[in-house]
Amino acid sequence: MINEVNLNHVQDRWTLADITALFDGIFAEHYQTRLIRGDDEPLYRPADSETSYHQIIFARGYYASALHEISHWCIAGEKRRQLEDYGYWYSPDGRNAEQQAAFESAEVAPQALEYLFTQACGRHFHVSVDNLGGDTDVDREAFQQRVMVRAARYQDEGLPLRAKAFCHALNVYYQQGQKLETAIAQGLDRLLCTRLC
């Protein structure tokens, strides 16, 4: 892990420009997908007649939102990536108990990947139950435990291909302190070798 002397140096590197460059450098050419800073709400938008590439739009310029939305993309299959927001309906803040349970079940895997990405960046992870205005009690600790169990399973069984390449690049850049170009090249190598080898 990162020691305190290196922590200040790493914090200077947690920029939107860097995370965007890492993502786009690995995936823009091979998946025609780019990471885009958005406004209030995140959105996945597939390519269309006006935009030739798919867009992972993260909320308000938040670094954590970028990692979270990348996590969803890393899980989505090819058919899902052709649909806006992967074809899922999002129930907004204010969910009842049944809606919250469905939300948490759908969020375990993406938040587990987000946790692994966050660790690779040397940042602190916070689960999101995302229901501040709901009329039901939320057991944040139980949900966090489910996320951690899933993250451990990913570590034991291996990450999905895109997540593996991205996590490797994050590790090279943030943990090993390599240049952005090196991290992108190694992420690409991991992506392409696994796809072609």
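Atom set for the values below is all heavy atoms of this structure, side chains included, hydrogens, waters and symmetry mates excluded. All values reported here derive from a predicted model rather than from experimental measurement.
- No donor-acceptor distance shorter than 3.5 angstrom exists from the side chain of Arg146 to the backbone of Val108, with no hydrogens or angles considered.
- A cation-pi arrangement is absent between Arg81 and Tyr31 under the rule of less than 6.0 angstrom and at most 45 degrees off the ring axis.
- Ion pairing of Arg60 with Asp39 is absent here, as no side-chain N (NZ or NE/NH1/NH2) approaches a carboxylate O to less than 4.0 Å.
- Within the 4.5 Å cutoff, no side-chain heavy atoms of Thr118 are placed close to those of Tyr63.
- Here Tyr115 pairs with nothing under the side-chain hydrogen bond (donor to acceptor under 3.5 Å, both in side chains) rule; sequence neighbours left out.
- Residue Tyr154 places its OH atom among more than 12 non-hydrogen atoms of other residues, nucleotides or ligands, all under 6.0 Å distant.
- Side-chain polar atoms of Glu107 and His72 form a donor-acceptor pair below 3.5 angstrom.
- We find the CD-NE2 distance between Gln175 and His168 to be 12.5 Å, quoted to the nearest 0.5 Å.
- No more than 12 heavy-atom neighbours from other residues, nucleotides or ligands sit within 6.0 angstrom of CD on Glu141.
- Tyr88 carries Arg80 over the face of its six-membered ring, with the cationic atom under 6.0 Å from the centre and within 45° of the normal.
- Put simply, the residue from Leu67, Ile70, Ile184, Asp18 that forms a side-chain contact (heavy atoms from CB on, under 4.5 Å) with Phe23 is Ile70.
- Here the side chains of Glu69 and Ile57 are not in contact, with every heavy-atom distance at 4.5 Å or above.
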